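Remarks on the structure that follows.
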Amino acid sequence: MKALLVYMFEAAVCSGILQAAYAWLLERRIPHRWCRIYLLLSVPLAAVIPLLRIPVWPGEAITTVVPTAGLPTAQIVVEPVASPGFDPTGLFVILLALGTALLAGVMVAQIIRIRHLRRGAEITHTRRFTLIRTLQKIASFSFLRSIYVWQQTPAEELEAIVRHEMSHIAHRHSVERLAMESMKALLWWNPFVWIAARRLTEAEEFEADSDVLNEGYDKELYMHVIFRQLFGYSPEIANGLRSSLTKKRFQMMLSQTPGRHALLRLAGTLPAIAGLLCAFSFTTRAAEIRTTTETVRAAGDETNVSFFIADNQDGKPLSGTLIQIEGTSRGTVTDDKGYAEIEAAPGSTIQISLVGYDTKEVCVSEENEPIRYILMMERSEAPDRKQAATPDNDEDTVLVAEQMPTFQGGDLNTFRNWVQEGLRYPKGAFDAGIQGRVVITFVVGKEGSVTDVEILQSPDTRLSEEVIRRLRESPKWTPARDRGKLVRIKYVIPIDFRLPQKPEQTAAAATGDEPFLIAEQMPTFQGGDLNTFRNWVMTHLRYPQEAAKQGIQGRVVLTFVVEKDGSIGEVCVLMSPDEQLAGEAVRVVQSASGLWTPGEQRGEKVRLKYTIPIDFRLDGTKVPAQEPQPATPATETNG
């Protein structure tokens, strides 16, 4: 109840200030159209400003320390809950709703009565309006595209009436009146909304009068017609030549002055709006509550620890290396020059990690002077090839199963599209103009989670880290099943990073040797796409006899280029369980030379690079996943 009353008070204050700004700066001083727009926008603006909560002022940072030992036994005190008393909020809301319903009903009744005026009336249709001569004596008015006049209105007055109402129709004043009356019904408790509705009527009538007089109509005769229209029925939601506005309209006609500095006057309302936002909408940010279980130390106990991180092979600084205190959420990263600083307590352990490098740890010594570490990071080595597990082992990671995993109802392509859509181009790579394809392998576990992410190929570490970040956000899959049991499935997918190219850059790339990853018109294989080609490859494979005897099976991942003439070039093996399988995969891919229709970019044929996985499977067994061996060049494989 209190919150509702506070809101109503704040909304009324906002409306009052906005209406005061209108009366002081705008009314009769700027074009009538701008007056109408201001009045129509000021009402909802005043209602919305108190509801806004824009966090601007800095919030308080609160740190809570939870001791890890020696906590006293907690005592829980249960106090009786007092029975709730009478809450008038519901009754008050009902009262507000009744007021809104009453005013809405009045508006609907007026619309119905306007429709009833057509009964027995003489109706004339024109291209711009419909003229309705009613049997009932009324004050002339217009509603939407219809003009209502009394049948006995003198002909000498009819011209002025029609000109006036045609102005209302041309400016769509009836629509504005309906909108204002609807807002008045909703905010009936705000007196300044009623004032805004009255001022909107004035602005509309002033505008119509100005249009008639600007057309050259005699001013004295026109004022006489207005005076004759003071009596008779005229609904509030319609526009007409009547009402107590007559005196103001006469004054406007006799003392019309052109609006001066209209834009400057409109700009003068901005401080009022800004002040209302500051008073009612701007809030402080939420307090930042930090909870820590670390041992509380004196202010001087922590030591400044600085790092310089570089590659142990070429000595280049490594930016983006994560420096984190073990067991806490406190950490930092190295800058472009490989430097970073952090405050750490003596005896704590600091972990240093970067994708593609072995993780290191250092223990902060008990010394009180600043400590400096110079660490040379070693690149991660590819793990040794593992022996294939027996097919009956439930922990096997396989490449093919009877029932493959599904992602959001789709297949691997659905997941790749999901990854691609959520990527954020790393700023450093963007600024450096780095683009290309990241090839990754990952496992869909028995519970549907994405695990064991590994980078097989990448043009830059920053692109690799962005792909890994995106995969960590992955929703769960529907896991695979084989022989009625849940199994782990290993996948390989390519992810493309492409910078927007200028026309001259695109043309240069089309004529150069660097293959595209995506083009406006992708290559086609016998009328189909890459999946058509992969199916063709699988039907043309011949299992190497020696590999079959040894029970070698698994997935070969390779890249190849579709040249400008449709031939196959630059075949490169990225992962393979055995050289025999790699050689057979290369042979089949190269045998498709000339069967492709090349891709095109801006009307010119271009080279396109693809990455595909090819599965070798022995009948009757599951296919165990193999760790990748070093990629073998295509020329050596063929030899």
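Computed from a prediction, not measured in an experiment: that's the story for all the values here.
- H173 and E205 form no side-chain donor-acceptor contact under 3.5 Å, judged by distance and modelled atom types alone.
- With hydrogens and angles disregarded, a donor-acceptor distance shorter than 3.5 Å links the side chain of E165 to the backbone of S142.
- No donor-acceptor pair under 3.5 Å is formed between the side chain of R416 and the backbone N or O of I495.
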Could you pull out all donor-acceptor pairs under 3.5 Å where a side-chain atom in residues 91-101 meets a protein atom, sequence neighbours excluded?
{"residue": "T100", "atom": "OG1", "partner": "L96", "partner atom": "O", "Å": "3.2"}
{"residue": "T100", "atom": "OG1", "partner": "A185", "partner atom": "O", "Å": "3.0"}

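- Using a 4.5 Å cut-off on side-chain heavy atoms (C-beta onward), F497 and V467 make contact.
- The CG atom of L471 sits 4.0 Å away from atom CZ of F415, with the distance rounded to the nearest 0.5 Å.
- A cation-pi contact, defined as under 6.0 Å to the ring centre and within 45° of the axis, links R470 to W418.
- A side-chain donor-acceptor contact under 3.5 Å links S42 to the backbone of Y38.
- Of the possible donor and acceptor atoms, one in the side chain of Q420 sits under 3.5 Å from a partner among the backbone N and O of D496.
- Using a cut-off of 4.0 Å between Lys/Arg side-chain N and Asp/Glu carboxylate O, E159 and R163 are scored as salt-bridged.
- Environment of CZ in R118: crowded, with over 12 heavy atoms of neighbouring residues, nucleotides or ligands closer than 6.0 Å.
- Residues F143 and R177 are not in side-chain contact: their nearest non-hydrogen atoms beyond the backbone lie 4.5 Å or more apart.
- A donor-acceptor pair under 3.5 Å is absent between the side-chain atoms of W150 and the main chain of S140, judged by distance alone.
- At distances below 3.5 Å, at least one donor-acceptor pair connects side-chain atoms of R265 with backbone N or O atoms of L25.
- Using a 4.5 Å cut-off on side-chain heavy atoms (C-beta onward), M404 and Y491 make contact.
- By the 4.0 Å N-to-carboxylate-O rule, R199 lies too far from E202 to be salt-bridged with it.
- Ion pairing of R469 with E473 is present here, as a side-chain N (NZ or NE/NH1/NH2) and a carboxylate O approach within less than 4.0 Å.
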